[in-house]
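Data block below; observations after.
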Amino acid sequence: MRIGMGYDVHRLVAGKKLVLGGITIDFEKGLEGHSDADVLVHAVCDALLGAAGLKDIGFWFPDTDPAYKDIYSIKLLKKCNKMIRDKGFSIINTDMTLFAEQPKISPYRKAMVEKIAESLDIEPERINIKATTTEGLGMIGKGEGIGAMCIVLME
């Protein structure tokens, strides 16, 4: 068995759509980044890659490569899934936490779980997504960004 942990954070900015867990969220700001800046999916990618000993998302999909400009991060997740499966690993479960003051995630949680499960070729019951605030502390607490963490268990 192998455990991996992933973390990501991006700044919220006007003029971009907000994508979390592969789902477009109705919100007045989006996350700034080279790709769609989906912090939740990026955290999952890093957790998978870490558990498999495959470095990190920046190594495989660098923000200096124009091929990944504005890419839908679910495409990266599918590539990471193939990479770990090619090494003989299978996912037992994932546990994720989103850190955001706004927007409320609960209306989108089921769709995020289904999208990530589909992308990883596993049952939705193996995906857990939680959300919390930082009680007004730090850049996330001030509404300047959104962060995510993910832990994955693989065999």
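Count residues from 1 along the sequence. What you see below is based on every heavy atom in this structure, not just the backbone, and it leaves out hydrogens, waters and symmetry mates.
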May I ask you to check whether over 12 heavy atoms, not counting those of [X], lie within 6.0 Å of atom [atom1]?
X: Lys16; atom1: NZ; value: yes
X: Lys17; atom1: NZ; value: no
X: Asp86; atom1: CG; value: yes

Could you measure the distance from the [atom1] atom of [X] to the [atom2] atom of [Y]? Nearest 0.5 Å is fine.
X: Thr24; Y: Tyr108; atom1: OG1; atom2: OH; answer: 9.5 Å
X: Ile151; Y: Asn128; atom1: CD1; atom2: CG; answer: 11.0 Å
X: Ile91; Y: Leu120; atom1: CD1; atom2: CG; answer: 4.0 Å
X: Ile25; Y: Lys104; atom1: CD1; atom2: NZ; answer: 13.5 Å
X: Ile116; Y: Ile74; atom1: CD1; atom2: CD1; answer: 6.0 Å
X: Met139; Y: His10; atom1: CE; atom2: NE2; answer: 10.0 Å

Minimum heavy-atom separation for [X] to [Y], with atom names?
X: Met112; Y: Ile105; answer: CE-CG2, 3.4 Å
X: Phe27; Y: Pro103; answer: CD1-CB, 3.6 Å
X: Cys150; Y: Ala47; answer: O-CB, 3.6 Å
X: Lys115; Y: Ile23; answer: CB-CD1, 4.1 Å
X: Glu101; Y: Gly141; answer: CG-O, 3.3 Å
X: Ala37; Y: Ser73; answer: N-OG, 4.4 Å

Quick check: do [X] and [Y] have side-chain heavy atoms less than 4.5 Å from each other?
X: Pro124; Y: Lys110; result: no
X: Leu76; Y: Ile71; result: yes
X: Leu48; Y: Met154; result: yes
X: Met96; Y: Thr94; result: yes
X: Leu49; Y: Met83; result: yes
X: Ile122; Y: Ile127; result: yes
X: Met5; Y: Met149; result: yes
X: Asp38; Y: Leu31; result: no

Let me check something: do [X] and [Y] share a hydrophobic cluster, defined by ILVMFWY side-chain heavy atoms less than 4.5 Å apart, either directly or through other members?
X: Tyr72; Y: Leu40; answer: yes
X: Val39; Y: Trp60; answer: yes
X: Val41; Y: Phe61; answer: yes
X: Val9; Y: Leu18; answer: no
X: Ile3; Y: Tyr7; answer: yes

Donor-acceptor contact below 3.5 Å, side chain Arg126 vs main chain Asn93
no
Look only at the side chain of Asp36 and the backbone of Val19, and say whether a donor-acceptor pair between them is shorter than 3.5 Å.
no
Could you walk me through whether His34 and Asp63 pass the side-chain hydrogen bond (donor to acceptor under 3.5 Å, both in side chains) check?
CA-CA 6 Å; His34 185 69; Asp63 63 7; over 6 Å; no
Run the numbers on Ile146 and Leu12 for side-chain contact (heavy atoms from CB on, under 4.5 Å), then give the verdict.
CA-CA 7 Å; Ile146 294 177; Leu12 281 165; 4.0 Å; yes
Please step through side-chain contact (heavy atoms from CB on, under 4.5 Å) for the pair Lys29 and Val13, ending with a clear verdict.
CA-CA 5 Å; Lys29 293 180 181 178; Val13 295; over 6 Å; no
Going through the checks in order, is the side-chain contact (heavy atoms from CB on, under 4.5 Å) test met by Thr133 and Phe99?
CA-CA 5 Å; Thr133 69; Phe99 300 92; over 6 Å; no
Starting from the C-alpha separation in whole Å, work towards a yes-or-no answer on salt bridge (charged side-chain N to carboxylate O under 4.0 Å, His left out) for Lys130 and Asp95.
CA-CA 8 Å; Lys130 308 173 301 285; Asp95 188 34; 2.7 Å; yes
Test side-chain contact (heavy atoms from CB on, under 4.5 Å) on Ser35 and His42 and set out the steps.
CA-CA 10 Å; Ser35 66; His42 292 181; 3.2 Å; yes
